[in-house]
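Everything quoted here is computed from the prediction, not taken from an experiment. For the numbers below, each heavy atom of this structure counts, side chains included, while hydrogens, waters and symmetry mates do not. Chain letters run A, B, ... following the sequence lines, proteins first, then strands; residues in each count from 1.
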Amino acid sequence: MTQQQAANEVLACLQAMVKNNTNPVLDVIEPDKPFIENRKYPENKLTFNSSEWRAYYHSHGDPYRFENEHGHFHIFHKFNDTQWTHVAGLSMDNQGQAQKWFTTNRWVTNEHLQPAAAIIQYLDQTCSNDGLLLVERWLMAMLQLYQDDLSELLEARDRALQKLTHDMLLADVLDNHDYYLLSEVEINLQSKLAGILVKDSIADLGQTIS
Amino acid sequence: MSIKNRWIMGSAIGLAAIAVAIDHTRHSLPEAESYQSAIQGEEDSASPCSLDSPCSLDSSPCSLDDSTSPCSL
C-alpha cells in the first residue's frame, strides 16, 4: 500500500465511522457498559493480515497516562507461535482521535523485543481488507500511513535503549521498571492527510498539463 | 473553468472532506472506572486476582497474555 493509498483508506474509514456515528475507540469499547481501566478491548482482540497482527485498546490510571489521553491501542506482530513483538502504542485523546505513537520498555508488554529494522520490515507487508472490522482497517491503514514516523519512533527507541546500556546490561534495562516509555511521536492526522492528498492532486495537475 | 481553478476547487473540497471526517468522529468517551469500583455491587465471586482482573503495573501491564501480563495480547 502506498502512502497515498493509505491516506485514502484512513479517510474512507473515518467517513464510514461518521456514517455510523462512531470513532475508533467507540468501535472497540462497549459504550453501554462501564469502561474498565486496564481491561483489554475488544475481548477477543483485533486481528488482521492472517492473524500476523494483533491489537487491543485499554487505559491506565495516572501516572501511566499521557496528557488528554483516554486510552491507547497496543499493536503487535507475530514473532513465532508463542511470542509477539510490540510494534507501537497509539495514544487516543479524550474525543477518540489519534494523538501520539509511542514505544515502551520490554517489561511493559512482555514482548519479544526486536531491533527497529526488523519491525519496520513488517510494515512493508501487503494486507488484505477482506473481512476486517472497520477499526482493524483503520489501524492497518494508520500503520501504513505513518510508516516513516514509525521508523523514526522505533529507531529512537533503540537509541534510548543503547544509551541506557552505558550503565547496565541490556537484559537488566529491559526489565527495569524505572524505564517505561522509550520514545514518542506526535500525530496531527488532519495535516498528514492534507499534505499527502493535496500533494497528490498537484502531481496529477502536473501530469494533466504536461 | 481552467485546469488551475478546477485544481484549486478540488483541493478545497478535499481539505474540507478531511476536516469534516475528523471533526465528526470527535465524540465524548466514557471515563475509565477502576476495576474495584466496577465490580462493587456485583454479587459473583469475582476476584481481583482472577484472569479477568487487570494486572498491576508491577508485572507487564501491556502484554498480550492475560494470564501473566496485563498489557500483553
Q | Max heavy-atom pair count under 4.5 Å with chain A, selected residue of B:Arg26, B:Glu31, B:His27 | A | B:His27
**Q.** Which portion of A:Ser59 sits near chain B, non-hydrogen atoms under 4.5 angstrom
**A.** side chain
Q: Identify which part of B:Ile18 has an atom lying under 4.5 Å from any heavy atom of chain A, answering side chain, backbone, both or neither.
A: both
Q) Taking A:Gln97 for the side chain and B:Thr25 for the main chain, is one N or O donor matched with an acceptor at less than 3.5 Å? A) yes
Q) Got a second to check how far A:Lys19's NZ is from B:His24's NE2, nearest 0.5 Å? A) 14.0 Å
Q: Return the minimal non-hydrogen interatomic distance between B:Ala21 and A:Leu11, and the atom names on each side.
A: CB-CD1, 3.8 Å
Q: Compare all side-chain heavy atoms of B:Val20 with those of A:Val18 and state whether any distance is below 4.5 angstrom.
A: no
**Q.** Short side-chain donor-acceptor distance under 3.5 Å, B:Ser28 and A:Gln95
**A.** no
Q | Atom pair OG (B:Ser34) and CG (A:Asn38), whose distance is rounded to the nearest 0.5 Å | A | 9.5 Å
Q. Counting distance only, does the side-chain N/O of A:His70 pair as donor-acceptor with the main-chain N or O of B:Pro30 below 3.5 Å?
A. yes
Q | A:Gln190 to B:Ala19 - nearest heavy-atom pair and separation | A | NE2-CB, 3.5 Å
Q. Among A:Asn23, A:Asp93, A:Asn94, which one satisfies side-chain contact (heavy atoms from CB on, under 4.5 Å) with B:Leu29?
A. A:Asn23
Q) If you tally heavy-atom pairs under 4.5 Å against chain B, which of A:Asn20, A:Asn105, A:Leu193, A:Ile29 wins? A) A:Leu193
